[in-house]
Amino acid sequence: MKPSDTVLDIISGRNRTPPAAVVRGLLTLASLAYGLGVFLAGKLASLTATRLPCKVVCVGNITVGGTGKTPMVEWIVRRLTESDRNVAILSRGYGAVQDSGLNDEGKM
């Protein structure tokens, strides 16, 4: 049995031993704490949100790196500019290089 099978057995409830129940309980508490954090972060963000006088497309997710966000932005921008739309790209600048001040997305 692989370690990943053991973890899945605990999470799914197939493993009904007392230690597995404790682990599931701790994971449930962690999940509730995480959910509360996400909820509060959303509420705080809405307090400082600014309504813009233009349409906004947001490309992002909770996963960082390697999920195809930058190529998707490039594709969207290409389609919009081909339709004679004015486009601006805002980037948080994560991972910016000191000398240029740009990250990989900024360089593209």
Would you mind writing out the side-chain donor-acceptor pairs for residues 40-49 within the sub-3.5 Å range, not counting sequence neighbours?
from, atom 1, to, atom 2, distance (Å)
Ser46, OG, Lys43, O, 2.7
Thr48, OG1, Ala45, O, 3.3

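- Rounding to the nearest 0.5 Å gives a distance of 7.5 Å between OG of Ser12 and CZ of Arg24.
- In this structure, the side chain to side chain donor-acceptor pair (under 3.5 Å) partners of Thr17, at least two apart in sequence or on a different chain, are Asn15.
- Partners of Arg14 according to the side chain to side chain donor-acceptor pair (under 3.5 Å) rule, which considers only residues two or more places apart in sequence or in another chain, are Asp9.
- With respect to the salt-bridge test (charged N to carboxylate O, under 4.0 angstrom), the residues Glu74 and Arg78 qualify.
- Residue Val7 belongs to a hydrophobic cluster whose other members are Ile10, Ile11, Val23, Leu27, with links defined by side-chain heavy atoms closer than 4.5 Å.
- The other members of the hydrophobic cluster of Val22, by chain and number, are Leu26 (side-chain heavy atoms under 4.5 Å, ILVMFWY only).
- Cluster partners of Ile76, using a side-chain heavy-atom cutoff of under 4.5 Å among ILVMFWY residues and allowing indirect links, are Val57, Val59, Met72, Val73, Trp75, Val77, Leu80, Val87, Ile89.
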